[in-house]
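All remarks here apply to the structure that follows.
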Amino acid sequence: MTLRSVIRGSGSALPARAVSNAELAKMVDTTDEWIVERTGIRNRYIAGEGETTGTLATEAARRALDAAGIEASSIDLIVLGTASPDQTFPATATIVQNALGCRGGIAFDVAAVCSGFLYALGTADALLRTGAAKRALVIGAETMSRLLDWEDRTTCVLFGDGAGAIVLEAVEVDENDPEAPGILMTRLHADGAHGELLHMDGGPSTTGTVGKLRMKGREVFRHAVVNLASVLEEVLGATGHAAVDIDWVVPHQANARILDATARKLGLPEEKVVVTVDRHANTSAASVPLAFDAAVRDGRIKPGHLVMFEAMGGGFTWGASLVRI
Ligand code: UT7
């Protein structure tokens, strides 16, 4: 027998206000046609007054706990991936912990931008398997709209706000049973040499301000396709699985063309890729758990399925995780 982190439930939350491409075209020099053709994005949600990364994360966490049938009081670990925390400190994870009414467990944020959920998942899984905790909330939550330069058409049309969460539980499973549920493997990487290609031009210790998001999109795109294909092959190779074994890929939703190119490189049919970038745009750390929850709730992802999560973002950071549901 071996200890594995098993997904017990998922949940997600979006701000009330949906914003179409046409609406953005009234603010900056862009068109619906350009955005759809270059990115696949048709809509995004933008946080309004009273909606923050913490409130969206709390709502997503409540829905995940409901889906799992698990009381918030039994959660002893919260790991939250975000690049847009409510405050510099305390960690948004502790804000969520307080809002849920649980106390005393471990709670912290991880900063890996668009790979934030993958980094949170890998960290929570490692802690659960050591016995440091038993039940975890893993959350990706963002209000990217508050980091954008709304006069920069090359970035402001790409991002959106939202949150997604899963409940993980440490469970003894038979490691010889190929159908046993749980996280089979997570691989995480970073390469700080490319920090300038996607960064904030401010921060607490440099400018004393939040700054604005800056991205050299074309270069990030090139790296994303190469790094994602490489980490997916790494996880498949290390777990002894082939691309054909995967039931669903739940990728970071940055650009429909990146999803297509990555699937093509692996020889995966596009019907197996969960796509929400058209509805949510790029929600950074929230995009993978938002897409996962959508596919669980509409019945595509079912118990027993083999699911690959993958993401790439600022840093650069990237990673993939193979999970039996
Ligand atoms: O989430 C973290 C990871 N992030 C990503 O993975 C993002 C990766 N990159 C991308 O998704 C794409 O590179 C973008 C969607 C950001 C850009 O698409 P692209 O096909 O690489 O376009 P481009 O940057 O090469 O720009 C092409 C043209 C430029 O005009 P010129 O120089 O050819 O005259 C841009 O100025 O499109 C222009 N452009 C726009 N036009 C209308 C850039 N933004 C816009 C816009 N509307 N919003």
Side-chain angles (χ1 to χ4, degrees), residues 19-44 81-84 110-119 140-145 147-162 164 188-192 194-200 212-232 250-263 265 273 275-278 280-291 309-320:
V19 176
S20 68
N21 292 345
E23 204 173 323
L24 289 184
K26 292 184 197 143
M27 295 164 51
V28 286
D29 180 17
T30 191
T31 59
D32 176 54
E33 293 71 32
W34 189 95
I35 302 172
V36 172
E37 190 192 314
R38 299 292 178 124
T39 71
I41 297 167
R42 294 178 184 276
N43 181 71
R44 74 283 295 138
T82 192
S84 47
V110 296
V113 206
C114 298
S115 313
F117 181 76
L118 266 295
Y119 267 66
E142 303 278 15
T143 41
M144 295 306 282
S145 63
L147 308 182
L148 296 173
D149 175 351
W150 285 99
E151 292 180 355
D152 175 8
R153 69 173 184 173
T154 69
T155 52
C156 76
V157 303
L158 304 175
F159 293 89
D161 303 334
L188 303 171
H189 296 283
D191 184 352
H194 301 294
E196 282 300 307
L197 296 180
L198 174 49
H199 71 284
M200 294 293 296
K212 299 287 181 211
L213 184 147
R214 305 293 172 204
M215 176 164 75
K216 294 210 164 67
R218 205 179 307 179
E219 285 157 76
V220 176
F221 188 111
R222 259 202 349 265
H223 284 278
V225 176
V226 173
N227 289 344
L228 287 171
S230 153
V231 72
L232 290 171
V250 183
H252 170 48
Q253 311 280 325
N255 185 320
R257 290 186 294 137
I258 297 181
L259 306 191
D260 292 345
T262 311
K265 255 186 166 221
V273 181
V275 180
T276 52
V277 67
D278 53 335
H280 301 159
N282 181 346
T283 57
S284 182
S287 84
V288 169
L290 263 168
F309 297 121
E310 46 105 318
M312 144 98 189
F316 289 146
T317 55
W318 66 100

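We count ligands from 1, going down the list as the structure has it; atoms in each ligand are counted the same way. All heavy atoms count here, side chains included; hydrogens, waters and symmetry mates do not. The structure presented is a predicted model; accordingly, all values stated were derived computationally and were not measured.
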heavy-atom search around atom 9 (N) of ligand 1 in the protein gives G217 O, 2.9 Å
One finds that the ligand 1 atoms under 4.0 Å from a non-hydrogen atom of V157 are 48 (N)
**Request:** Answer yes or no: is there a side-chain heavy-atom contact under 4.5 Å between L148 and D152?
**Result:** no
When distances are taken from atom 16 (C) of ligand 1, the protein heavy atom at minimum range is L158 CD1, 3.7 Å
Quick one: sort the F316 and H194 rings into parallel, tilted or perpendicular, breaks at 30° and 60°.
parallel
Problem - Candidate pair E142 and T283, rule side chain to side chain donor-acceptor pair (under 3.5 Å), full reasoning - result: CA-CA 6 Å; E142 303 278 15; T283 57; over 6 Å; no
Between G81 and A285, the two heavy atoms sitting closest are O-CB, 3.4 Å
CG (L213) and OG1 (T155) are apart, to the nearest 0.5 Å, by 6.0 Å
Result for side-chain contact (heavy atoms from CB on, under 4.5 Å) between V157 and one of I41, T30, V19 points to T30
the protein heavy atom lying closest to atom 4 (N) of ligand 1 turns out to be V220 CG1, 3.6 Å
* To do: Go through V275 and Q253 one step at a time and tell me if the side chain to side chain contact (heavy atoms under 4.5 Å, CB included) criterion holds.
  => CA-CA 7 Å; V275 180; Q253 311 280 325; 4.2 Å; yes
In ligand 1, the atoms that come under 4.0 Å of a heavy atom of A254 are 1 (O), 5 (C), 6 (O)
Under 4.0 Å from one or more heavy atoms of T30, ligand 1 contributes atoms 42 (C), 46 (C), 47 (N), 48 (N)
Numbered in order shown, the ligand 1 atoms found under 4.0 Å of a heavy atom of T154 are 43 (C), 44 (N)
Validation row: L118, L188 side chains within 4.5 angstrom (heavy atoms): yes
Residue pair N21 / R44, side-chain heavy-atom distance below 4.5 Å:
yes
N/O donor-acceptor pair under 3.5 Å between D161 side chain and S145 backbone
yes
Just by distance, do the side chain of T317 and the backbone of A112 share a donor-acceptor pair under 3.5 Å? yes
For atom 37 (O) of ligand 1, state whether the nearest protein heavy atom is under 4.0 Å away.
-> yes
In ligand 1, the atoms that come under 4.0 Å of a heavy atom of H252 are 1 (O), 2 (C)
of all protein heavy atoms, closest to atom 43 (C) of ligand 1 is W34 CZ2, 3.4 Å
Check whether any N or O atom of T39, backbone or side chain, sits under 3.5 Å from an N or O atom of ligand 1, and answer yes or no. no
*asked:* I'd like to know if L198 contacts ligand 1, where contact means a heavy-atom distance under 4.0 Å to any ligand atom.
replied: yes
Among R218, M215, R257, the residue with a heavy atom nearest to atom 24 (O) of ligand 1 is R218
If we number the atoms of ligand 1 from 1 as shown, the ones under 4.0 Å from a heavy atom of M312 are 2 (C), 3 (C)
Looking only at heavy atoms, the pair that brings M27 and W150 closest together is CE-CE3, 3.6 Å
among protein heavy atoms, the one nearest atom 2 (C) of ligand 1 is C114 SG, 3.3 Å
Atom 14 (C) of ligand 1: closest protein heavy atom, distance to 0.1 Å, is N255 ND2, 4.4 Å
Looking only at protein heavy atoms, what sits closest to atom 30 (O) of ligand 1 is R153 NH2, 4.5 Å
Atom 27 (C) of ligand 1 sits nearest the protein heavy atom R38 NH1, 3.5 Å
Can a protein heavy atom be found under 4.0 Å away from atom 32 (O) of ligand 1? no
Counting heavy atoms under 4.0 Å, the part of V28 that contacts ligand 1 is neither
